[in-house]
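Report on one structure; see the data block that follows.
Lettering of chains follows the sequences in order, A, B, ..., and the numbering in each one begins at 1.
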Amino acid sequence: MNYPYIEEFRHSLVEWFHQEKRDLPWRRTSDPYKIWVSEVMLQQTRVDTVIPYYNRFLDKYPTLQSLAYAPQEELLKMWEGLGYYSRARNLQAGVKEVVEKYDAIVPDTRHDISKLKGIGPYTAGAILSIAYNKPEHAVDGNVMRVLSRVLHITEDIAVPKTKKVFEEAVDALIDEDYPGDFNQALMDLGAMICTPTSPKCLLCPVRDYCTAFQEGDADQLPIKSKKTKTKKVKFDVFVAIDKEGKYLVEKRKEEGLLANMWQFPMIELNENANSIESFQHNYNVIILEKADDKDLNFKHIFSHLTWELNCIFVQVEQQSTLPNDALFLAMDSIQALPMPVPMLKIMNVLN
DNA sequence: GACTCGTGGCC
DNA sequence: TGGCCAAGAGT
């Protein structure tokens with residue numbers, strides 16, 4: 001885009017934003033911490049999903065200090081159902097570093113803020129531009145979609161290197177008087193007008209500057225290569241209750257999928273193994289009775305794999321010590337633990 | 001650079 | 001219904 005159209009583009013975009021921007025909770029504050037929380041929650045997550053989590057989270061942790069030293073189990077419970085749970089752990093680590101190393105002031109340079117856990121190129125630019133009014137790019141999926149159309153960029157946005165093209169484009173286009181509004185305007189435009197399918201070009205404030213609109217191929221952009229299919233993994237899930245009416249639960253490993261979340265014991269189904277024997281052996285219990293009348297069998301689809309879960313409801317007796325991170329707990333105690341959605345589905349059946 | 005890491009909504 | 005997505009970051 002050439003001068004003077006850049007200036008007209010900026011003005012039209014920011015003016016539209018001032019008129020049409022959505023009233024969102026994190027737009028009612030200038031607290032860098034609260035904007036930080038919102039940006040982390042919004043990573044790969046829809047606005048409508050985030051809103052109630054955001055409100056509850058800041059009610060519980062209104063300041064950097066209140067989050068920095070919160071118990072991790074409580075923190076995960078606040079994040080329960082939101083997904084990508086490492087975000088919560090990284091956010092707390094970053095917040096703790098700000099409290100201890102930066103005297104509880106969120107850094108205002110890309111150099112420093114990018115060192116914090118959980119803050120990558122996008123989140124750094126979002127916080128700097130929105131909270132500190134710094135002219136920094138914040139390129140997310142929305143921005144790549146909008147600018148791929150406006151500037152008719154046809155490189156594959158699934159290739160990481162392509163993001164640099166868009167960052168340089170934002171650097172050239174950004175409104176240095178209103179960088180936060182400019183960045184948010186691109187995102188709101190992507191969410192409300194310049195949508196992935198059926199873009200509302202006739203309502204677009206910058207269609208006069210949009211090459212794809214002129215070419216009539218906005219719905220063909222951006223170019224994005226496909227992903228690979230998800231793998232399937234089968235488990236038997238043992239919902240085991242003892243004589244006191246307590247259920248056997250265990251804490252997952254501290255790294256990887258659903259790290260540190262709680263679950264009913266799961267035995268992966270292999271061709272050469274008996275899951276019932278494995279369960280009794282691994283957890284030092286014997287099955288007294290199996291409830292064949294109950295039946296719960298369902299799939300849970302993650303972004304990169306699918307669980308096929310078959311629940312087995314049993315009464316058990318403990319024979320010796322349980323493995324680490326496994327214990328029998330009463331139902332109301334289990335409900336205070338952070339559990340992933342597939343386990344919450346099982347919990348619902350028990351109530 | 002390719003994988004990993006959640007969930008709910010949409011068509 | 002299955003695939004695709006939605007304000008990415010870590011490894």
Rounded to whole Å, the NZ-C1' distance (A:Lys224 to C:dG3) equals 12 Å
Assign each of A:Val159 and A:Met339 the nucleotide of DNA chain B bearing its closest heavy atom; nearer the 5' end lies the nucleotide of A:Val159
Report yes or no: is the cationic atom of A:Arg87 (NZ for Lys, CZ for Arg) closer than 6.0 Å to the six-membered ring centre of A:Tyr84, at no more than 45° off its axis? no
Are A:Phe9 and A:Val165 in one and the same hydrophobic cluster, where Ile, Leu, Val, Met, Phe, Trp and Tyr link if side-chain heavy atoms are under 4.5 Å apart? yes
(message) Check the phosphate of B:dG6 against A:His300, side-chain N and O only, distance under 4.0 Å to OP1 or OP2. Yes or no?
(response) no
TODO: Please state the P separation for the pair B:dG8 and C:dA9 - nearest whole angstrom.
DONE: 23 Å
| Sugar-phosphate only, base, or nothing, as touched by A:Lys231 at under 4.0 Å among non-hydrogen atoms | nothing
- Message: At less than 4.0 Å, is any side-chain N or O atom of A:Thr45 found next to OP1 or OP2 of B:dG8? Yes or no.
- Response: no
When rounded to whole Å, the CD to P distance for the pair A:Glu167 and C:dA9 reads 10 Å
Closest to the 5' end of DNA chain C, once A:Gly120 and A:Pro196 are matched to their nearest nucleotides, is A:Pro196
Between C:dA6 and B:dG1, how far is it from one C1' atom to the other, in whole Å?
23 Å
ask   = Taking only side-chain nitrogens and oxygens of A:Tyr85, does any of them come within less than 4.0 Å of OP1 or OP2 of B:dT7?
value = yes
| B:dC5 and C:dG2, which share atom name P, separated by this distance in whole Å | 23 Å
Could you tell me whether A:Ile130 contacts a base, only the sugar-phosphate backbone, or nothing, with contacts defined as non-hydrogen atoms closer than 4.0 Å? nothing
| message | Check the phosphate of C:dG2 against A:Lys299, side-chain N and O only, distance under 4.0 Å to OP1 or OP2. Yes or no? | response | no
Thinking salt bridges, do A:Asp23 and A:Arg28 make one under a 4.0 Å N-O criterion?
yes
**Asked** So, is A:His304 near the phosphate of B:dC3, with a side-chain N or O under 4.0 Å from OP1 or OP2?
**Response** no
Does the pair A:Arg22/A:Asp188 count as a salt bridge with the N-to-O cut at 4.0 Å? yes
